[in-house]
S.K.: 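Once you've had a glance at the structure underneath, I'll fire off some questions.
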Amino acid sequence: MSTMQDVAKKAGVSKATVSRVLSGKGYVSEATRQQVFAAIEAAGYRPNLLARNLATNKSQCIGMVVTNTLYSGSYFSEILSQAAKKVEESGRQLILVDGKHSAQQEREAIEFLLDLRCDAIILYPRFLSISEMDEIIEQTRQPIVVVNRRLRKHPSHAVFCDHQQSACNATLALIERGHRHIAFITGALDSPTAQERLNGYKQAISRADIPVEPQRIIEGKWTPACGVRAIASLLERRVTFSAVIASNDDMAIGALKQLARAGIHVPQQVSLLGFDDHPIAPFLLPALSSVKDPVTEMIHEVINRIISMLDGGDMLPQKTLVSGLVLRESVADAPGTTR
């Protein structure tokens with residue numbers, strides 16, 4: 001491998017001059033600069049990126065921390081693809097690091113990206129608390145923007161979707177169609193998103209003066225198998241329900257299969273609604289109704305906020321995003337409802 005000294009020799013300049021050209025610091029004439037670039041190309045020299053980052057204190061990279069348990073599914077595929085696309089459009093590269101299985105490991109992932117001199121960090125947390133994230137932001141020079149969580153001390157460093165309001169709206173839409181007995185399949189309850197969606201369901205039920213029945217709430221873990229088990233549990237316990245809301249489309253797909261196995265027709269006997277608007281949702285029989293999170297808008301807001309911070313611009317005002325309800329064939333009026 002060629003070294004900086006080899007480049008200096010080919011260009012007929014000092015090693016310090018080559019360093020100034022690569023770092024962009026200090027005066028170098030345009031003729032010398034072009035001479036050095038020609039020597040770099042001829043020698044096939046590749047600068048040590050970490051050394052350059054240490055010298056310039058910039059990497060043109062934005063780090064992203066996501067827990068590996070969140071990688072699967074269309075929701076996170078869209079988040080990662082949109083983040084990579086938007087970061088690349090800004091002339092930078094995205095570095096993805098696994099937050100693993102604990103708050104400490106999420107902290108270590110952040111520290112790793114800081115050690116690489118990433119210019120900023122996108123954090124999609126699973127385990128870090130609000131107070132811990134506020135503390136990290138206070139102690140870190142590089143901008144950190146948190147996705148899908150609300151911060152107390154640094155609200156401008158957070159971009160989130162109001163999952164509670166979205167779940168409330170979706171539940172109210174079913175209530176307006178005559179449904180009074182609505183079952184709810186939660187996501188993993190150590191997830192803030194799952195908690196918010198459950199709270200939104202309870203809020204809507206209470207607002208309609210319908211008792212919140214614990215027997216109609218079944219805990220899931222985001223997988224289709226959980227949807228299968230949830231419906232099987234409801235039927236085995238002879239729980240009455242005319243509609244089911246699943247906290248993501250994967251569980252809704254499992255629920256749809258189990259309802260079909262039991263000879264229960266959707267939506268004639270039971271309406272079914274999911275979350276995340278999986279790309280396959282319109283192609284199911286019946287087509288699955290779903291709550292669509294504004295993932296693209298959320299990630300664009302994150303990157304715009306980071307770039308504004310890096311460029312020293314004004315702090316952008318806090319923006320809360322609300323999901324949209326996509327109604328398809330799997331939702332109908334409750335049996336016996338007349339309009």
S.K.: Decide if atom CD1 of Ile280 counts as having more than 12 heavy atoms of other residues, nucleotides or ligands within a radius under 6.0 Å.
M.R.: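 12 or below, so no.
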S.K.: Looking at Met251, is its backbone amide N or carbonyl O close enough to the side chain of Asn248 to form a donor-acceptor pair, meaning the two atoms are under 3.5 Å apart?
M.R.: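 Present.
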S.K.: Hey, could you give me the CG/CG distance between Leu285 and Leu256, rounded to the nearest 0.5 Å?
M.R.: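 Reported to 0.5 Å precision, the distance equals 8.5 Å.
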S.K.: Can you find a heavy atom in the side chain of Val65 that is under 4.5 Å from one in the side chain of Leu113?
M.R.: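 Contact flag for Val65/Leu113 side chains = yes.
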S.K.: Could you grab the distance from atom NZ of Lys100 to atom CZ of Phe127, nearest 0.5 Å is fine?
M.R.: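 One gets 12.5 Å once the value is rounded to the nearest 0.5 Å.
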S.K.: So, does Asp250 use its side chain to make a donor-acceptor pair with the main chain of Pro224 at under 3.5 Å?
M.R.: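 Looks like no, no N/O pair under 3.5 Å.
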S.K.: Main chain of Val87, side chain of Arg92: is a donor-acceptor contact present, judged purely on distance under 3.5 Å?
M.R.: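 No, the answer is negative, given that no donor and acceptor are paired below the 3.5 Å cut-off.
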S.K.: Linking I/L/V/M/F/W/Y whenever their side-chain heavy atoms sit closer than 4.5 Å, directly or via other members, would Ile306 and Met64 fall into one cluster?
M.R.: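 Yes; tracing contacts between hydrophobic side chains, which count when under 4.5 Å, links both residues.
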S.K.: Are any of the side-chain heavy atoms of Lys202 and Phe184 separated by less than 4.5 Å?
M.R.: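 No, every pair of side-chain atoms sits at 4.5 Å or beyond.
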S.K.: Between the side chain of His179 and the main-chain N/O of Ala332, is any donor-acceptor distance below 3.5 Å?
M.R.: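 Flag set: sc His179 to bb Ala332 pair under 3.5 Å.
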S.K.: Within the structure provided, determine whether Val66 and Ile122 are in side-chain contact (heavy-atom separation under 4.5 Å).
M.R.: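 Val66 does not reach Ile122 side chain to side chain.
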S.K.: Is a donor on one side and an acceptor on the other found under 3.5 Å between the side chain of Ser308 and the backbone of Asn304?
M.R.: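 Checking the backbone N and O of Asn304 against the side chain of Ser308, no donor-acceptor pair under 3.5 Å is found.
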S.K.: So, taking the atom named CE in Met309 and the one named CD1 in Ile144, what distance separates them when rounded to the nearest 0.5 Å?
M.R.: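 Going from CE on Met309 over to CD1 on Ile144, the span is 10.0 Å.
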S.K.: Using a cut-off of 6.0 Å, state whether more than 12 heavy atoms not belonging to Lys86 lie near its atom NZ.
M.R.: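 Check passes, neighbour count above 12.
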S.K.: Is Ile307 reachable from Val147 through a run of I, L, V, M, F, W or Y residues, each pair having side-chain heavy atoms under 4.5 Å apart?
M.R.: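 Same cluster.
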S.K.: Verify the cluster assignment for Ile253 and Leu234: are they in a single hydrophobic cluster under the rule of side-chain heavy atoms below 4.5 Å apart?
M.R.: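 Shared cluster, yes.
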S.K.: Does any N or O in the side chain of Ser166 come within less than 3.5 Å of the main-chain N or O of Ser323, such that one atom is a donor and the other an acceptor?
M.R.: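 Confirmed, Ser166 side chain pairs with Ser323 backbone.
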S.K.: Any luck finding a side-chain donor-acceptor pair between Asn199 and Gln195 under 3.5 Å?
M.R.: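 Checked: Asn199/Gln195 side chains show no N/O donor-acceptor pair below 3.5 Å.
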S.K.: Does the side chain of Glu132 pick up a donor-acceptor pair with the side chain of Ser129 at under 3.5 Å?
M.R.: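 The criterion, which ignores hydrogens and geometry beyond distance, is satisfied for Ser129 and Glu132.
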S.K.: Can you give me the closest heavy-atom contact between Val145 and Val159, atom names plus distance?
M.R.: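 Scanning both residues completely, I find the closest heavy atoms to be CG1-CG2, 4.3 Å.
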S.K.: May I have the step-by-step check of side-chain contact (heavy atoms from CB on, under 4.5 Å) for Leu151 and Ile137, ending in yes or no?
M.R.: CA-CA 10 Å; Leu151 299 179; Ile137 290 169; 3.4 Å; yes
S.K.: Does Gln93 have more than 12 heavy atoms from other residues, nucleotides or ligands lying within 6.0 Å of its CD?
M.R.: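 Open.
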S.K.: Taking Glu78 as the fixed residue, which of Asp276, Asp277, Thr296, Asp293 is the one that meets the side-chain contact (heavy atoms from CB on, under 4.5 Å) rule?
M.R.: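 Checked Asp276, Asp277, Thr296, Asp293 against Glu78; only one passes side-chain contact (heavy atoms from CB on, under 4.5 Å): Thr296.
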S.K.: Under 4.0 Å between a side-chain nitrogen and a carboxylate oxygen: does that hold for Lys85 and Glu88?
M.R.: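 Here Lys85 does not pair with Glu88 in a salt bridge, since their nearest N and O are not under 4.0 Å apart.
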S.K.: Assigning hydrophobic clusters by single linkage (Ile, Leu, Val, Met, Phe, Trp, Tyr; side-chain heavy-atom cutoff under 4.5 Å), is Ile136 placed with Leu116?
M.R.: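 Per the 4.5 Å side-chain linkage, Ile136 and Leu116 are co-clustered.
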S.K.: Please determine if Arg150 and Asp162 form a salt bridge, counting it only when a charged side-chain N lies under 4.0 Å from a carboxylate O.
M.R.: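 Asp162 and Arg150: salt-bridged.
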S.K.: Would you say Cys226 and Ile218 make side-chain contact, with heavy atoms under 4.5 Å?
M.R.: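 A side-chain contact under 4.5 Å is absent here.
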S.K.: What are the two closest heavy atoms between Ala204 and Thr171, and how far apart are they?
M.R.: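 What the structure gives for the nearest pair is CB-CB, 3.5 Å.
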S.K.: Stepwise, does the side-chain contact (heavy atoms from CB on, under 4.5 Å) test hold for Leu235 with Ile264?
M.R.: CA-CA 11 Å; Leu235 295 176; Ile264 298 172; 3.7 Å; yes
S.K.: State, to 0.1 Å, how close Ala252 and Leu272 come at their nearest heavy-atom pair, and which atoms those are.
M.R.: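 Heavy atoms of Ala252 and Leu272 come nearest at O-CD2, 3.4 Å.
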S.K.: Just by distance, do the side chain of Gln142 and the backbone of Asp119 share a donor-acceptor pair under 3.5 Å?
M.R.: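 Not at all, since once roles are kept as given, no pair shorter than 3.5 Å links the two residues.
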S.K.: Scan side-chain atoms only and decide if Ser247 and Thr186 contain a donor-acceptor pair under the 3.5 Å cut-off.
M.R.: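 Thr186 and Ser247 do not have a side-chain donor-acceptor pair below 3.5 Å.
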S.K.: When rounded to the nearest 0.5 angstrom, what is the spacing between CD1 in Ile121 and CG in Leu114?
M.R.: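 Between Ile121 CD1 and Leu114 CG, I get 4.0 Å after rounding to 0.5 Å.
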S.K.: Would you compute the distance between atom CD of Glu297 and atom CD of Glu301 and round it to the nearest 0.5 angstrom?
M.R.: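 Separation between the atoms: 7.5 Å.
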S.K.: Under 3.5 Å, is there a donor-acceptor pair between the Arg237 and Ser233 side chains?
M.R.: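 Indeed, the side chains of Arg237 and Ser233 share at least one donor-acceptor pair under 3.5 Å.
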S.K.: Between Gln82 and His300, is any pair of side-chain heavy atoms under 4.5 Å apart?
M.R.: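 Yes, their side chains come closer than 4.5 Å.
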S.K.: Would you say that Glu138 contacts His154 through its side chain, given a criterion of any heavy-atom pair below 4.5 Å between the two side chains?
M.R.: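 Yes, at least one pair of side-chain atoms sits under 4.5 Å.
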S.K.: Do the non-hydrogen side-chain atoms of Cys118 and Ile95 ever get within less than 4.5 Å of each other?
M.R.: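 Yes, at least one pair of side-chain atoms sits under 4.5 Å.
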S.K.: Okay, side chain of Ser290, backbone of Lys292: is any donor-acceptor separation there less than 3.5 Å?
M.R.: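 Checked: no pair found.
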S.K.: When rounded to the nearest 0.5 angstrom, what distance separates CZ in Arg180 from CD1 in Ile210?
M.R.: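 If I round to the nearest 0.5 Å, the distance is 3.5 Å.
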S.K.: In sequence, state the C-alpha distance, the side-chain angles, and the governing distance for Arg216 and Val239, and then conclude on side-chain contact (heavy atoms from CB on, under 4.5 Å).
M.R.: CA-CA 7 Å; Arg216 292 199 180 94; Val239 177; 3.7 Å; yes
S.K.: Between Tyr201 and Ile182, is there a donor-acceptor pair closer than 3.5 Å when you use the side chain of the first and the backbone of the second?
M.R.: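 Checking the backbone N and O of Ile182 against the side chain of Tyr201, a donor-acceptor pair under 3.5 Å is found.
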S.K.: Give the minimum heavy-atom separation between Trp222 and Ala194, together with the two atoms involved.
M.R.: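 Closest approach of Trp222 to Ala194: CZ2-CB, 3.7 Å.
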S.K.: If two hydrophobic side chains count as joined below 4.5 Å and joins carry through other members, does Val228 share a cluster with Val266?
M.R.: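 They do not share one cluster, since no chain of ILVMFWY contacts under 4.5 Å joins Val228 to Val266.
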S.K.: Is a donor on one side and an acceptor on the other found under 3.5 Å between the side chain of Glu106 and the backbone of Leu128?
M.R.: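 Yes, because the side chain of Glu106 sits within donor-acceptor range (under 3.5 Å) of the backbone of Leu128.
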S.K.: Which heavy atom of Ala334 sits nearest to which heavy atom of Ser242, and what is that distance?
M.R.: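 That would be CB-OG, 4.3 Å.
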S.K.: Is any side-chain heavy atom of Pro286 closer than 4.5 Å to a side-chain heavy atom of Arg328?
M.R.: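 Pro286 does not reach Arg328 side chain to side chain.
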S.K.: Would Arg107 and Glu135 count as a salt bridge (Lys or Arg N to Asp or Glu O under 4.0 Å) here? Give the steps.
M.R.: CA-CA 11 Å; Arg107 277 184 175 272; Glu135 179 186 6; 3.5 Å; yes
S.K.: State, without any angle test, whether His163 and Asn148 hold a side-chain donor-acceptor pair at a distance under 3.5 Å.
M.R.: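 Yes, because at least one side-chain N or O of His163 sits under 3.5 Å from a partner of the opposite role on Asn148.
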S.K.: So which heavy atom on Arg207 is nearest to which on Cys168, and how close?
M.R.: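 Smallest interatomic distance, heavy atoms only, reads NH2-SG, 3.8 Å.
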S.K.: Kindly determine whether Leu273 and Val244 satisfy side-chain contact (heavy atoms from CB on, under 4.5 Å), including the steps that lead there.
M.R.: CA-CA 6 Å; Leu273 177 67; Val244 178; over 6 Å; no
S.K.: Report, as yes or no, whether the 6.0 Å neighbourhood of atom CD on Gln268 holds more than 12 heavy atoms from other residues, nucleotides or ligands.
M.R.: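 Yes.
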